[in-house]
Protein chains: 2
Amino acid sequence: MAYHFAPIKLDDRGHIRDSVFAILRNAILDKKLEPGQKLVERTIAEQLGISRTPVREAINQLVLERLVTHIPRKGVVVSGFSKADIIEILAIRTSLEALICSIAATKIKPRDLKRLESLAKQITEEHGKGNFKKSNQLNDKFHEIIYKAAESPRVYSFLYTLHEYITKFTQVAYSKPGRWEEVWVEHNEIIEALGRHDSSQAEVVAKRHAENSSKAFLQMANWEKD
Amino acid sequence: MAYHFAPIKLDDRGHIRDSVFAILRNAILDKKLEPGQKLVERTIAEQLGISRTPVREAINQLVLERLVTHIPRKGVVVSGFSKADIIEILAIRTSLEALICSIAATKIKPRDLKRLESLAKQITEEHGKGNFKKSNQLNDKFHEIIYKAAESPRVYSFLYTLHEYITKFTQVAYSKPGRWEEVWVEHNEIIEALGRHDSSQAEVVAKRHAENSSKAFLQMANWEKD
DNA sequence: GCAAGTTAAATGGTATACCAAATGCCAAAC
DNA sequence: GTTTGGCATTTGGTATACCATTTAACTTGC
């Protein structure tokens, strides 16, 4: 029930608030902090061996990311993610994946297309060898290349955040049987559309890819709560 | 060049940081603060007659909204919005409008459909009478009803923020000749799709509506800068 | 014994104090 | 005159102190 954090290491030259933000965020996404749990500035600051100020700033950022909810005159509590929340997040990701892919189609360079082709092959290979962790990493890289090719900083950062929610918060071993064979096909459809610089087609196939991933994801995740 | 803010009124019981955030945000969106201008915590705090703390928190929020940029060891400066930025923002809005409309189609109640029908008529009427301000207000209300019907808090708040950027930051008298006749048609297409609870169709017409609005907007806004 | 009022603890919001890094200016040395 | 070293100022980051509000417990009166 109670939380406890080890004192923070001050070795790094980064800002304490960012470290605190990462600590709290990971604790929530890893479910070390349960939904409904109250976060008390002073307590966290004492445990980390720092003052309230950076803790405050970290908590403010968590509020803006909706990972915690500020209840006036009550403090902040860890938000719960309902099934409806997950569905909303997946839907947003789907929309923005389609968007970023259609933008990327207009800007992508041959070099990145080559890297995508190579990655798509490797993903399938590694999965065939049973290296699921590796294939997931490569999959992330695949999408990251597309994200970056679009040169759309806002869409990129939205998608990055959403991606972390989806993969970290829900610790689903993301591999529905047969899904990776579909992924191979869909990745090639995406590469093909990007290669032809066909925005509308890229949008269509990226949307379908994200929708299928979302479906597979929801099927794997058995949700209890509403 | 230099900025100056009047001392803040402490009458209201809301948090000072929120007031400061609103003041700075409006100043940026209204171009009272020019891009590249440096924001100094102490200076703003002194001018507003408060301490640095709430100013700090307000500035942090502005950083997260990308209205100001934090340059390490330099301070925060007001971000400029390039044409590419506007295009990105319009594209995100288009995607999310299509999404929220498709969600709304599955959830909308007869009462809201009635209100939409009535609003669509009023918008056209008021525009016909030359009450452009009024028709714009009603138009916002029209979209707000759809936003709320979708019961998707994250999409809603994204769209809300984007809407403020688009309308406030760019002070375009948003009325390309002939556009409102199209709007009348498009609004009715949206109402029709929502009424049939046809998600895919709602998505299609909402996307087209947002795309056309974006086009009209970009045509009206003559951008000088890259 | 129960209820109401008063007080003390908890907690978040704000103000202020302190510190470290960086920048710029001034003086001294060449 | 130029360059370099050092000091002062600026500025943001962090710590701490103070205040207001709320909650809860305890006491006191019925």
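Chain naming here is simple, since letters A, B, ... match the order of the sequence lines and numbering starts at 1 in each.
Taking all atoms of both residues into account, the shortest heavy-atom contact from A:Val20 to A:Val55 is CG1-CA, 4.1 Å. In this structure, B:Val68 and B:Ile59 approach most closely via the heavy-atom pair CG2-O, 4.1 Å.
Per the geometry, CG belonging to B:Asn60 stands 13 Å off C1' belonging to D:dT14, to the nearest Å. A:His15 places its NE2 atom 11 Å from the P atom of C:dA21, with the value rounded to the nearest Å. Put simply, CD1 on A:Ile16 is 19 Å from P on C:dC18, counting in whole angstrom units. The CZ atom of B:Arg56 sits 14 Å away from the C1' atom of C:dA17 (whole-angstrom rounding). One atom, CD of A:Glu57, and another, P of C:dT14, lie 13 Å apart when rounded to the nearest Å. Summarising the geometry, the separation between CD1 on B:Ile71 and C1' on D:dG12 is reported as 14 Å, rounded to the nearest angstrom. If you measure from atom NE2 of B:His70 to atom C1' of C:dA22, you get 13 Å, rounded to the nearest angstrom.
Listed by chain and residue number, B:Asp112 satisfy the salt bridge (charged side-chain N to carboxylate O under 4.0 Å, His left out) test with B:Arg115 (two or more places apart in sequence, or in another chain). With sequence neighbours left out, the ring-ring contact (aromatic ring centres under 6.0 Å, His included) criterion links B:His163 to no other residue.
Of the candidates C:dA15, D:dG12, C:dG13, C:dA15 carries the atom nearest the B:Thr53 side chain, counting heavy atoms from C-beta on. Listed candidates were C:dA15, C:dG12, D:dA15. Nearest to the side chain of A:Ile50 is D:dA15.
Ring-centre distance between B:Tyr147 and B:Tyr160: not below the 6.0 Å cut-off.
For the residue pair B:Gln47/B:Thr43, the side-chain donor-acceptor check at 3.5 Å is not satisfied. With no hydrogens or angles considered, a side-chain donor-acceptor pair links B:Glu65 and B:Tyr165 at under 3.5 Å.
Residue B:Ser51 has a polar side-chain atom (N or O) positioned under 4.0 Å from OP1 or OP2 of C:dA15. For B:Arg17 and C:dT14, the shortest distance from a side-chain N or O to OP1 or OP2 is not below 4.0 Å.
DNA chain C lies under 4.0 Å from at least one heavy atom of each of the following residues of residues 38-48 of chain B: B:Arg42.
The residue B:Arg52 sits close to a base: some heavy atom pair falls under 4.0 Å.
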